[in-house]
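Data first, discussion second: the structure below is written as structure tokens.
This chain uses plain numbering: 1 for the first residue, then up along the sequence.
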Amino acid sequence: MKLWEAEHTREREYNQISTRSSTPMESPHKRKTVKKKWQVFPGRNKFYCDGRIMMARQTGVFCLTLVLILVTSGLFFIFDCPFLATTLTPAIPVVGGMLFIFVLGTLLRTSFSDPGVLPRATPEEAADLERQIDVANGSSTTGYRPPPRTKEITINGQTVKLKYCFTCKIFRPPRASHCSLCDNCVERFDHHCPWVGNCVGKRNYRFFYMFILSLSFLTIFIFAFVITHIIMKSQINGFLNTLKDSPASVLEVVVCFFSVWSIVGLSGFHTYLIGSNQTTNEDIKGSWSSKRGKDNYNPYSYGNLFTNCCTALCGPLPPSLIDRRGLVLPDTPQPAPPTNGITMYGATQSQTRMCDQDQCIQSTKFVLQAATTPLLQNETPVMADESSVPGRPALGAPCPLLPLGQPTPPTSTPSLSCEAESLSPPAPEAQHHFLTPDDAPSPPGMLPCTSPLDHGHTPPFYNPASQDSLHEDSVRGLVKLSSV
């Protein structure tokens, strides 16, 4: 009992040994650095604050946008708001401050968020998709396969084509497109906006629209009240003196004058897109234009302006699909396959690799002794041209079939079943009975026994014409090793 507990404890200690080291020089206690998904992200993006902020690689224009908003608003609050709050009403700086905070918040929300990047296919998914494409295209004797380009699906009665992305190895969902600057497939891709430093897609389109709409109001607000400030001061000091005394106001007027047209125009264009439930990409390509056919229509539109606006601006925000702050888990070792109750010696050595040298030598000796002991105990007649040699099996002895599994240890069990036939009981003078490999249960793949064997049965003579000589040498080697 104590011996069994000691062996069980030692085997449990072997199972706790780390097998992750690839070379003998590596320490088994050395831990690999766990990375996060944003650190190994395949797209061309920049990440900040431990993956919380995701932007495009080109952020120079975004910095220019941020500087223009901060400088213009700052000059307005410093040089114009004190005079306007005293002369007209204190509500002017309050309203201007609320607009400024809203513009800045929506800008940062648009620029720092995931626009709806679709994850790339894993190697297993890509291989499975390639097999599906091969089956769809049919087998070719020349090995040529037409490139997978599109799939056709039906949405609200309209046929929509799904294009295959050779970079992401996926069929892009409807309304998705691959951004060449960020090198990502983006769901409901609208466009890549350098002014916000990010793509505009399904997850940040509403914030982008609120940004340009609120920026239009802020630009008009600043432009109108700066003009009011200049006119009111001109009535007191004259127009030229006012321009000389307020150079900041002149700079604000110039910046707002050249900005308001483009910003207001962009806001109106996206208001039209929201009302018709389209994207900039679809509108530029004319995907739902009537010029393509009389039956061509937008399958995503609800047919109602109010419903389309509510869907785009008030619908549920989908979660991010890339989980950029998640951990990249290391490869976990695969469990050993079941052996149907038989401990496979060779398979155990190759799968666990946790057996020390002493245990391996003892197990090997046990296999050889159990396999060759019946050969030494059997007294078989020899051929006429060769005499029996002590310690050497006669050539008439049957060549044992060594299974891959570990033989059953010595036992007093009288018999084992083999192909529904029972073995004969052992001779009474025999004290121990070693089960031969033919008596032990054969693992899957071994040939079944043809007839039961016992100690009193005379084995057939050795036929050198039908057996391989290498088999004989192997048996002799087993006998020599068993006597060590």
Side-chain angles (χ1 to χ4, degrees), residues 65 95 98-99 101-111 113-118 152-163 172-177 179 185-193 195-196 198-221 223-224 259-321:
T65 304
V95 175
M98 294 176 62
L99 284 174
I101 293 175
F102 191 81
V103 167
L104 203 60
T106 52
L107 172 62
L108 298 180
R109 182 65 174 81
T110 305
S111 303
S113 62
D114 171 23
V117 176
L118 295 172
E152 290 187 354
I153 62 173
T154 302
I155 299 178
N156 294 331
Q158 180 74 21
T159 301
V160 179
K161 291 184 178 181
L162 307 182
K163 294 184 178 180
R172 292 192 288 262
R175 314 186 85 177
S177 184
C179 178
C185 280
V186 181
E187 195 173 5
R188 199 187 182 277
F189 178 77
D190 192 88
H191 68 290
H192 181 91
C193 183
W195 296 98
V196 300
N198 204 349
C199 290
V200 178
K202 187 175 183 178
R203 297 192 70 251
N204 63 350
Y205 180 77
R206 65 181 64 181
F207 303 105
F208 172 78
Y209 177 74
M210 289 188 289
F211 162 68
I212 58 175
L213 187 64
S214 59
L215 183 61
S216 300
F217 288 127
L218 178 62
T219 305
I220 294 174
F221 182 85
F223 182 74
S259 302
V260 67
W261 307 109
S262 59
I263 297 174
V264 172
L266 186 63
S267 300
F269 173 69
H270 279 278
T271 302
Y272 156 73
L273 293 179
I274 289 178
S276 58
N277 202 347
Q278 293 187 78
T279 64
T280 303
N281 189 40
E282 294 171 347
D283 184 77
I284 292 175
K285 293 181 178 179
S287 301
W288 317 122
S289 175
S290 58
K291 295 180 181 180
R292 293 196 173 188
K294 295 181 180 180
D295 297 333
N296 191 35
Y297 58 91
N298 184 7
Y300 306 108
S301 177
Y302 293 93
N304 188 344
L305 177 65
F306 179 76
T307 306
N308 289 336
C309 292
C310 291
T311 303
L313 301 178
C314 304
L317 187 66
S320 177
L321 300 177

request  = Check whether the side chains of S267 and S216 place a donor and an acceptor atom closer than 3.5 Å, and report yes or no.
outcome  = yes
message = Which heavy atom of E282 sits nearest to which heavy atom of W288, and what is that distance?
response = OE1-NE1, 3.3 Å
request  = Taking all heavy atoms of S289 and all of N296, pick out the closest pair and write down the distance.
outcome  = O-ND2, 2.9 Å
task = Return the orientation label for the H191 and H270 ring planes: parallel under 30°, perpendicular over 60°, tilted otherwise.
result = tilted
inquiry  = Is there a side chain to side chain contact (heavy atoms under 4.5 Å, CB included) between R109 and F211? Walk through the geometry before answering.
reply    = CA-CA 9 Å; R109 182 65 174 81; F211 162 68; over 6 Å; no
inquiry  = What I'd like to find out is whether the side chain of S177 reaches to under 4.5 Å of the side chain of V186, using heavy atoms alone.
reply    = no
Nearest heavy-atom neighbours spanning L162 and P173 = CD2-C, 4.0 Å
ask   = Between atom OG1 of T106 and atom CD1 of I101, what is the distance when rounded to the nearest 0.5 Å?
value = 11.5 Å
key: T279 vs L273, side chain to side chain contact (heavy atoms under 4.5 Å, CB included): CA-CA, chis, key distance, verdict   = CA-CA 6 Å; T279 64; L273 293 179; over 6 Å; no
request  = Report the distance from atom OH of Y302 to atom SG of C310, rounding to the nearest 0.5 Å.
outcome  = 11.0 Å
ask   = Can you check whether L321 reaches L118 side chain to side chain, under 4.5 Å on heavy atoms?
value = yes
Parallel, tilted or perpendicular: ring planes of F208 versus Y205, cut at 30 and 60 degrees = tilted
ask   = How far apart are the closest heavy atoms of P174 and I153, and which atoms are they?
value = CG-CD1, 3.8 Å
Minimum side-chain heavy-atom gap S276-N308 below 4.5 Å = no
D190 (side chain) donor-acceptor with N204 (main chain) under 3.5 angstrom = no
Interatomic distance, I220 atom CD1 to S259 atom OG [nearest 0.5 angstrom] = 12.0 Å
task = Compare every heavy atom of L305 with every heavy atom of G275, then report the nearest pair and how far apart it is.
result = CA-CD1, 3.2 Å
request  = Kindly indicate whether the side chain of P115, heavy atoms from C-beta on, has any atom under 4.5 Å from the side chain of R203.
outcome  = no
task = May I ask you to test the Y209-R206 pair for a side-chain heavy-atom distance under 4.5 Å?
result = no
task = State, with a plain yes or no, whether a side-chain heavy atom of Y300 is found less than 4.5 Å away from one of V160.
result = yes
inquiry  = Quick check on F217: does its CZ atom have over 12 non-hydrogen neighbours (other residues, nucleotides or ligands) under 6.0 Å away?
reply    = no
ask   = What's the spacing between L218 CG and M98 CE if we round to 0.5 Å?
value = 12.5 Å
message = For a quick test of reading the model, state the closest non-hydrogen atom pair linking Q278 to R188 and the distance between them.
response = O-NH2, 3.7 Å
request  = Spell out, as yes or no, whether a donor-acceptor pair under 3.5 Å connects the side chain of T65 to the backbone of W195.
outcome  = yes
inquiry  = For the OG atom of S287 and the CD atom of Q158, what is their distance to the nearest 0.5 Å?
reply    = 10.0 Å
key: Close side-chain approach of F189 to T280, heavy-atom, < 4.5 Å   = no
note = CD1 of I263 to OG of S214, rounded to nearest 0.5 Å, is 10.0 Å
